[in-house]
Each structure stands twice: as C-alpha cells, then as structure tokens.
2 protein chains.
Amino acid sequence: MGVNPEPRKKKKGGEGRATSKEVAAEVGVSVATVSNAYNRPDQLSEGLRERIFEAAGRLGYSGPDPLGRSLRRRRSGAIGVLYADRLSYAFTDPAAVMFLEGVSLAAEEAGLNLFLVPGGYGLSGGSEAVLSAAVDGFVVYCVSAEDPVISAVIERKLPVVLVDDPSRDGATSIGIDDEGGARAAAEHLAELGHRRFAVVSFKLTLEPDRGLADPARQESADNEDTRSRLKGYKTAIEKAGVPWGDVPVYECPENTPEEAKAAAEELLAKEPRPTAILALSDQLAFGVMEAAKGFGLSIPGDLSMVGFDDVSEAARSSPPLTTVHQPHVEKGLKAGRKLVALLEGGDPGEPELLPTKLVVRGSTASP
Amino acid sequence: MGVNPEPRKKKKGGEGRATSKEVAAEVGVSVATVSNAYNRPDQLSEGLRERIFEAAGRLGYSGPDPLGRSLRRRRSGAIGVLYADRLSYAFTDPAAVMFLEGVSLAAEEAGLNLFLVPGGYGLSGGSEAVLSAAVDGFVVYCVSAEDPVISAVIERKLPVVLVDDPSRDGATSIGIDDEGGARAAAEHLAELGHRRFAVVSFKLTLEPDRGLADPARQESADNEDTRSRLKGYKTAIEKAGVPWGDVPVYECPENTPEEAKAAAEELLAKEPRPTAILALSDQLAFGVMEAAKGFGLSIPGDLSMVGFDDVSEAARSSPPLTTVHQPHVEKGLKAGRKLVALLEGGDPGEPELLPTKLVVRGSTASP
DNA sequence: ACGTTTTACTGAATCGTTTAAGTAAGATAC
DNA sequence: GTATCTTACTTAAACGATTCAGTAAAACGT
C-alpha cells in the first residue's frame, strides 16, 4: 500500500500552480498555518505570515484554490442564473439583459459572482449544465414550469428563486402583474375606439408552433406569464364587446423581431385588417412595426401598436412605442436579493408581484 | 484519534442532499461503483446501474456534486469572463453585451458554462473575485493593462485570452483595428470639409479625470484601444492640415450617454464651435446628440457626429448614426474559441486583429 | 513560584468525488 | 484441464483546501 517509493516531484521548477502544501513545505510549517495566513491573519505571527506570502510569491502560489476551498467550505461564492434558452440568446433580448443587470447588482452587493447556466431545452446535455454548475443557489428566469430543467434545479435542493413563473409551491418567487398590464394595454386601445384586434405572442409551449393559436392552445400555455398576458387582453377586449374568439393570436416560436415580422405579414393580409396589434413583448412589436412599414401602413395612422416590457429602444423607435412598462432591473435585483437572503439563512420574504404600467407613446391613436 | 464514537448521522431523514457514499451504502456497493454508474456505464452491469439510480432517486442524490467532481477532475467546466468594471455595468453597455453573446456562443459549442467575474477596480475585494472564481480559463475583456486584476489573472496561471488589449507578451489575444477605424472616421469628416473637430473619449487611466485632456495625458492612456483610436483620429486630422493640439479631447470617466452629454455641453459652448465631433463609442455619441438637441443644433446640419462600435441602436437613432463598425459578436466568439482551444491543449492561433469598417449613415454631412 | 491565560502553531479529519491498480469469479481458448 | 481473457466489481490514493481539537512555550497575575 501507499509506500510512495519516490518522494514524488516536490515542485518541478516554478512551473504549474503550486499548492498550499508546497508553500508549507518551503516555509517549514504545516498547511494549516498557510491556510491561516490567508484566512485568519490573527492566528499567526506577523513575521511568519510575511514569510509565507514571500514563499508563495516565489513558488507561484496565488492563494487558495477556489475548488478546494469551496468544497471544504461548502460554498462556492457564486449564484447561478438559469435561463430558459441558449445563453447567447439571452444577450440578444434587452429584457433579459436588464434582468441580468439587476441580478448582478444583487450579486455585487453580496460579494458573489454570477454563473450563467443555459436551460437550453433540447440542447445536447439537456439539464446537465444545471447539474454541473458549482453554485450556491439559482435564480430561475423565464423557464416554463414544464421544462425538465426546472426539475433538475429542484432536485439539486439548492436555494432557488423562481422568476415570472411562480407555480411551484414552496419556492420563493417574484413576478410582475402581467395580467393587469396587459389589460391596461388592451383597454387603452379599446378606449381609443379600436374593435379589430390581433395579438402576436411568443411560444405557448416547449414544443412551439408557428401560426394562429386557438383559445384551447392559448389556455394550455405552459408559461404563467404568457397565460396571464393573454388573459388580460381577453378581459379588456371582451369588456369592449368583442368576442375573444374573433381575435387572431399568432404564436411565434421565438421572441425575435424577425418572427414577429413574419407573423404580422400574415395578420395584416387578413380582411378586414386589424386596426390594432398587441404584442407580448417589445421585441415582437418592433417586428410588427417593420412589417407594417413593408405594407405601407403608417403607425399610428393606419395601425396602432402596443408592446410589452418597455425596453429602452421602445422610447427611441419611430414612432416611439406605446408599451407596458415592467421594472426589469428591479425584478432582477429583488430576485437576487431574495436568493442572497436564502443563502444567508434569512427570510426571503413573501412572493412578490411587481407593478406594471402602461406607457402611452406615439404608436397608438384612434382608428 | 478517529474513534468516531457514534456512526454519525448516516442520513438523517430524506433531508439535505445525499452523497455518493450514502448511495453506495444503501445499495451495498463501493463509491467507485456509484461514480462509475454516472460516468462510465460500461464499467458495471445494467442491473446494478439501475439499482443505483433507483436508490439515488430515493435518497435524493442528484448526481455527483460539481465541486467534488471538479476538484478531482481538475476541470470546472466553466469559462470566466473578466469584465473591467462592475458587472451590472456590463449589461448596460450594448457593445459588452454583444461581446458576451459571442463568448457564450463559443461556450455553448464547447459545452461550457459562463462565469462572469467583475474586475471592479477599487471595489471592495479588488481582485478577490478573480482569485476565487472556479473557472478553467479567462477571457479578459476591456481591462486596462495597468489594472491590478490583470496581474491577478496572470498569477492564477490559467489559460487566458486577452481581448482588446494585447499588450502582455505570450498571452493569446484578439482585438480590432481600432486605429484604422478611427482614421477612416476622421478622414470621412475631413473629406466632407470639416476642420473644427472635437473628440469625446472615455476614461484614459484607471483614475479618470473629467475634462479636457492634453496630448501628454492622451499618450499616457493605459488602454490600448483608447490610445489607438486617438492615434487614428490624430493621423487623419493632421493629414487634413489641422494641428492635433487644436482639437479638444474631452475625457469622460464613464462610458455613458449622460457623461457624454455633459462633455458635449462644454465642447459646444466653445467659440468657434466645432462642426464635427468624434466619439470613442456610440454610447458617448448618443449623449452628444442629446446635448446638441439641447443647444438647438441639428444633426448633421449644424454638427456632424461619428461614433464607434455600431451597436444596434446606432442604425435606429434619429438621425441614424455614422459610426465605425466592429464585429462584437465575432470578437467574443473568436476569443471564446481561442480559450477553448487553449483548454483543450490545442493551438489558439495567432493574435488576431479583426477589421473595422466605417458605416456612413445620416449623422454626417458637409459643414 | 505556581496556576492560568494567551499565543502560535501542528495533526488529522473532512468536504465529495474520480481513477489507477488490483482481484476474484466466470468465460473462452486450445 | 490449465492458461488467458473478460467482466464486474473494490481498494485506496489523490484533488486542495479548512477547521477543530490539541499542545508546548511564553506571558501574565498575584
């Protein structure tokens, strides 16, 4: 058994990174003392501490290895953000970016790093990324309740904050008043006198369709957000005397202007043409606006348009987009703070629903 | 010595996450076998493997702990992106976001996660975040060569790819043709007939000033990018017969429209007023445009404006911004791929300089 | 001068894995 | 029927730290 015939290469030149053990050997102390030099300066004499740092510098030891430390401490010092899609996609969505900004603010407050984990339904690996991420907890963003990765997260039994999809009981969560915002958007259009509506939605289920979605499919949307927004529209539109069944709801597999453009091209070709289009996100709204331009339709003269999210481009587009504002950064910040509270054994607080607000700009007018 | 009086709580209820040891005990095999069940299915019989998974499910074991595994494997499966500033700031800068998109693309290709590390000069902790991040390598973005965090990164002796600041020898790097792009921008203005220029720059050193920077200070800029862009402007402007010393260069401590607005307000109050302003980034250009609006100046009628970066808003602003395009996403992607190559022991390739290109839109005209 | 505290360390267990090397039993070869 | 190869595991040593429970020596109090 462990005879260890050779003393092994002790430190074969200055090469590679050294370990605390090597530093300890060099100085002639125990590894515990080296550890203390870095973590509890009061546990050793000033002189020895300096000798240790000096030797560390000489040997190329840059301080405790994060992995060894994390393993022992049972804390990695990072919070994970689980994003529904591929990560690269998150960065193209201004709403997601603002949310991340908020989470990173919370991480900074707590001195934690940010670990981005792609959910990537259908991606190679599946929920492997979730299982292999060295984090202390997760903020789960925008993942449908049906997504298998969410089970993977739950399975890991780490502290979790669910964002925008507060359907798992027990879990801490935060969301926004989707329904109220959507209702306000549709009411605004109804008050302007619109009666011919159309809706451009993002995907309703994990296996998305492209095309018109009937009410049954709408009901079965597996994302809480989506369902709530559609419900808000429905309530307001029915109140205006228009049967919901008459309102075409177009499902886009991806939340991109390109998809929405294609959707709008189909919707605007209908006779009679809708006079107002509600989009479930600003990204989609921008696509619709482009399509309208292609049809030679002026906004808001020929077509009124309402988005959702109030991303910063919304104020700068031409015409500026009427949309439902939601506090993306604050949502991220609060989600992050809840997670931090959880990590510190504190109280994450009640599930919260942040307010939304209709911001009327230049893309809506009477028909 | 380790008498271990009590057998310790073996598994006090289904609570907490279980370990491979517990699963092994439950099934009556060694931990090695449990490990094999997850990592090398061919090493054990199908039946046993299923019994192990079944027991794992029962005990709440969700697979090997990432930390233990990473420690042993000496691979964490994550690449770190070191960002100069606070992380929350990265998300407000469209150029940084696009870059991250590229890196995340590369990470996805390689099946790696993304670990975001704030450089945060002057932040509490300093380079602590760098030292404590459990990553396999770093992509260093936009950090001045003088920044102490960059030394921290080097010290960790992990594979590193330097972006936009290829000054450390030996390190793999990627950048863009800053000088050429800047030169083209200034040449464009000169050709239009402009002779009274002003420049709005971001910070020149780690300890930024706000205000006009004389040529000496410009030379001492510790970011390669900044120096190159200024040099490009200088070359073209001098070629047009204007002494560089006559061109006011205003330094903004932060790369935000707000800072640039303040800068422009000062520059535009000068007599004679500049007829063209060059901004080192689009973010800064947007601020200048706002200031111009405040002065009642029309762009490009009264003032021509050129940015740098070609972020997506540049095409949508009014007027659309003439700017220097750089391939942000591609830069991130290539940086990420180089790092991946390094991690896999391959060849990261030569330091690359990606091309820039002037995109003429509506913000420039003859004076 | 003697007991108590403080200071400055060391030893050894532990965190949760992976993996090279070993082994016993059964299958295959000739 | 013996030698060799597989199969299906196990043993034990890492990986790189932290931390608790010592302990010997020095400092302190009276």
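Model, not experiment: these values are computed from the prediction. Letters go in sequence order (proteins before strands), and every chain restarts at 1. Note: hydrogens, waters and symmetry copies are ignored here, and every other heavy atom, side chains too, is used.
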Looking at every strand, decide which applies to B:Arg75 at a 4.0 Å heavy-atom threshold: base, sugar-phosphate, or nothing. nothing

Need to verify one output field. Residue with the more 5' nearest nucleotide on DNA chain D, B:Ala32 or A:Gly68? B:Ala32

Indicate, yes or no, whether a donor-acceptor pair under 3.5 Å links the base of D:dT18 to the side chain of A:Arg72. yes

Under 4.0 Å, heavy atoms only, any strand: does A:Gly63 hit a base, just the sugar-phosphate, or nothing? sugar-phosphate

Closest to the A:Thr19 side chain, choosing from D:dT18, D:dT11, D:dA17: D:dA17

Base, sugar-phosphate, or nothing for A:Tyr38, non-hydrogen atoms under 4.0 angstrom? nothing

Any side-chain N or O of A:Ser20 below 4.0 angstrom from OP1/OP2 of D:dG16? no

Hey, does B:Val34 reach any base, or is it just sugar-phosphate, or nothing, if we go heavy atoms under 4.0 Å? nothing

Within the pair B:Ser30 and D:dC9, is there a side-chain N or O less than 4.0 Å away from OP1 or OP2? no

Under 3.5 Å, is there a donor on one side chain and an acceptor on the other for B:Thr92 and A:Glu101? no

Mind checking if B:Leu71 touches a base, just sugar-phosphate, or nothing, with heavy atoms under 4.0 Å? base

Per the atom types in the model, does the base of D:dT18 pair as donor or acceptor with the side chain of A:Arg69 at under 3.5 Å? no

If you look at every strand shown and take non-hydrogen atoms under 4.0 Å, does B:Arg40 touch a base, only sugar-phosphate, or nothing? sugar-phosphate

In whole angstroms, how far is the P atom of D:dT7 from the CG atom of B:Asn36? 15 Å

Taking five pairs at each terminus, the helix from C:dA1-D:dT30 to C:dC30-D:dG1 shows an axis bend, to 10°, of 30°

Integer-rounded Å distance: D:dG16 C1' and B:Leu67 CG: 12 Å

Specify the separation, in whole Å, of atom CG of B:Leu48 and atom C1' of D:dT10. 12 Å

Considering only residues two or more places apart or on different chains, which pairs with a residue in residues 30-53 of chain B satisfy salt bridge (Lys or Arg N to Asp or Glu O under 4.0 Å)? none

DNA chain C nearest-nucleotide lookup for A:Arg49 and B:Thr33: closer to the 5′ end is A:Arg49

Sidechain N-carboxylate O distance under 4.0 Å for A:Glu155, B:Arg17: no

Separation of D:dC15 atom C1' from B:Asp65 atom CG, nearest Å, is 13 Å

Would you mind classifying the nucleic acid contact of B:Ser45 as base, sugar-phosphate or nothing, using non-hydrogen atoms under 4.0 angstrom? sugar-phosphate

Please report the distance, rounded to the nearest Å, between CZ in B:Arg17 and P in C:dC15. 13 Å

Evaluate the criterion ring-ring contact (aromatic ring centres under 6.0 Å, His included) for residue pair A:Phe99 and B:Phe91; output intermediate values, then yes/no. CA-CA 9 Å; A:Phe99 175 78; B:Phe91 293 111; 10.0 Å; no

Carboxylate-amine/guanidinium proximity below 4.0 Å for B:Arg58 and B:Glu26: yes

From CD of B:Gln43 over to P of C:dA21, roughly how many Å is that when rounded to an integer? 14 Å

Interatomic distance, B:Lys21 NZ vs C:dA13 P [rounded to whole Å]: 13 Å

Rounded distance in Å - CG (A:Asp42) to P (C:dC9): 12 Å

Could you give the distance from NZ (A:Lys331) to OH (A:Tyr141), rounded to the nearest 0.5 Å? 4.5 Å

If you compare every side-chain N and O of B:Arg74 against the phosphate oxygens of C:dT18 (OP1, OP2), does one of them come in below 4.0 Å? no

Salt bridge between B:Arg74 and B:Asp136, side-chain N to carboxylate O under 4.0 Å? no

With heavy-atom distances below 4.5 Å as the criterion, would you say the side chains of A:Arg156 and B:Pro66 are in contact? yes

